**Student:** 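After the structure tokens below, expect a handful of questions from me.
Values below: all heavy atoms of this structure, side chains included; hydrogens, waters and symmetry mates excluded. Per chain, numbering begins at 1; letters A, B, ... match sequence-line order. This structure is a prediction, so every number in the text was calculated from the model and none was measured.
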Amino acid sequence: MDFNVFYMKRTFNLIALFFVCVCLWSCGRTGENNGGIEVIDIENAAQKPLEVYLSKYAKEIRYIPLETSQYSLLGDASRLNIKILNDVICIWETNRSTVSGTPVLCFNSNGEFLNSVGTHGRADNEFLAIFNVLVNDSKNIISIVDRDRALAYSREGMYKYNFEIFHNEIGNMSGMWLENDMVAFLKRKNFGAYLNDKNPRSDELLVVDTMGNIVQKFELGKHIIMTFELDAPFGKGTGVSSKAAIAYEAGNSIKIIRNNDIIYDFNISDWKLSAQYQLDFGKYGLSDNVIGAKFLNNSVIESESFLLMRVLFSPSDFPDYNKDYNVSYFIYDKKERETTCIKFNKEESDANFKNDIDGGMNFYPQYLKNNKMYQLVNVIDFIEMAGKSTSARMKEVAAQLTEDSNPVVVEVTLK
Amino acid sequence: MKAILKFKPLFIVLAFMTIAMSSINAAGISGTFQADDVFQYHPVPSFVCPGCGQKGFWEIAFDQNDNPYHGICTSCGFEKFY
């Protein structure tokens, strides 16, 4: 071999090796912090569930019995939803059957009944079904989202106007009032009682004004769908597992989870979606055979210090997974950058924050606003838990209640 | 050519129908049957969702003969076509 050719080949090999090293180094860096995005490690946290104490994040707990009267009767707490408009507690029942419908009930911060909002019916100022209630603090407006429009009422229950919101959801739709008095919401496309390859299901984030005009539109991509045949004990049929985009409120902004793996912040000042967190499901993620672990709808709650989320490890995808943890509760601590799976409590058949503030019932929020978290509890469960607890305040509230009383709101103030 | 001229009105009608049909298709009028425009969903709280194993979130739609047609879990999104 010619001497020069030998040296040229060696130099070329060294240069190639250098480029390979540079590539590997940058890939490694990307894996560590994913280009500056924080990683929420679901896979590792799922291996070792731990107890999480309420006092780590909260400083105060309050039990608010909701006044029971013929005008303010509420059903089972598991079918109730809660939102806060300024200091007013708004409660409504999940019921999308158009045959009957109960209005939104408003209570003051001590649980005294104020008024109802909305009437069930077919008129312009009436709703047929409630897919969500969006509250606008600056305008003091409660808006009931029906099948394809939102009806705006004053807090006192006076009808103001309605505008089109074609969300195409079957369950609770996701949306919120923005600071500029527009509404951002998630629209399902080609969603419903059919599957069609020509028109695949996908999601859009839409921003509309109060005339129903679309101001902004973001394509969020197609749903990931897997179908399989169902049999006993669920009856014959075709089962459909899917992953779709999720939207949730966090303070004054709306967050989007796309493809179940990235959480984006939607910035209304420049209309941009910016990636904030990456979700690492590891071996529980999407594969050729299973749809993998995924978030439950309306289950993500975010405060300044943490993210709470409920994740489904489906028994059909993971038959050997601990059944107590098929629906697992995770908390991501923003300061410590640690993800924890909340330990399941066999006695309560649930995973909650352990209440070490007043020795009362354990707690898991269904709503968070203005640094306060809220949970609705059936009165029978509340009275039973008060009997077992050491909380003087809980016992005092329980003593005023009967089995026919309305549910109790548990309000937890964060640090 | 003579034949075409002889049946000119027929060709005009055929051309008009072709254009009209393509417009209807483009507008989606003869497109996919949008079942969710027709169906109403009703809660079946006792049904255990095959996807997540939870009770209380199952909602079901019936077809025109009142047979179960489509069910969905409003918590995990699992669906069943009956």
**Student:** Using a 3.5 Å distance criterion without hydrogens, assess whether the side chain of A:Asn168 forms a donor-acceptor pair with backbone atoms of A:Lys187.
**Tutor:**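 Not a single qualifying donor-acceptor pair exists.
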**Student:** For A:Tyr284, enumerate each residue passing the side chain to side chain donor-acceptor pair (under 3.5 Å) test, keeping only those at least two apart in sequence or located in another chain.
**Tutor:** A:Gln47
**Student:** Is chain B contacted by the side chain of A:Phe228, its backbone, both, or neither, given a heavy-atom distance below 4.5 Å?
**Tutor:**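 A:Phe228 touches chain B through side-chain heavy atoms alone.
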**Student:** Please work out which of the three classes, parallel, tilted or perpendicular, describes the rings of A:Tyr321 and A:Phe313, given edges at 30° and 60°.
**Tutor:** parallel
**Student:** Considering only heavy atoms and a distance below 4.5 Å, find which of B:Ser75, B:Ala61, B:Pro43, B:Pro68 pairs most often with chain A.
**Tutor:** B:Ser75
**Student:** Need one label for A:Leu296: side chain, backbone, both or neither, based on atoms under 4.5 Å from any heavy atom in chain B.
**Tutor:** both
**Student:** Let me know if A:Lys323 has heavy atoms under 4.5 Å from chain B in its side chain, its backbone, both or neither.
**Tutor:** neither
**Student:** Look at the rings of B:Phe81 and B:His70 and say which category their plane angle falls in: under 30° parallel, 30 to 60° tilted, over 60° perpendicular.
**Tutor:** tilted
**Student:** Kindly write out the residues that satisfy side chain to side chain donor-acceptor pair (under 3.5 Å) with A:Ser314, not counting sequence neighbours, or none if the list is empty.
**Tutor:**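 A:Ser314: side chain to side chain donor-acceptor pair (under 3.5 Å) contacts with A:Ser316.
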**Student:** Heavy-atom pairs under 4.5 Å with chain B: which of A:Thr238, A:Asp317, A:Asn326 has the most?
**Tutor:**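 Heavy-atom pairs under 4.5 Å are most numerous for A:Thr238.
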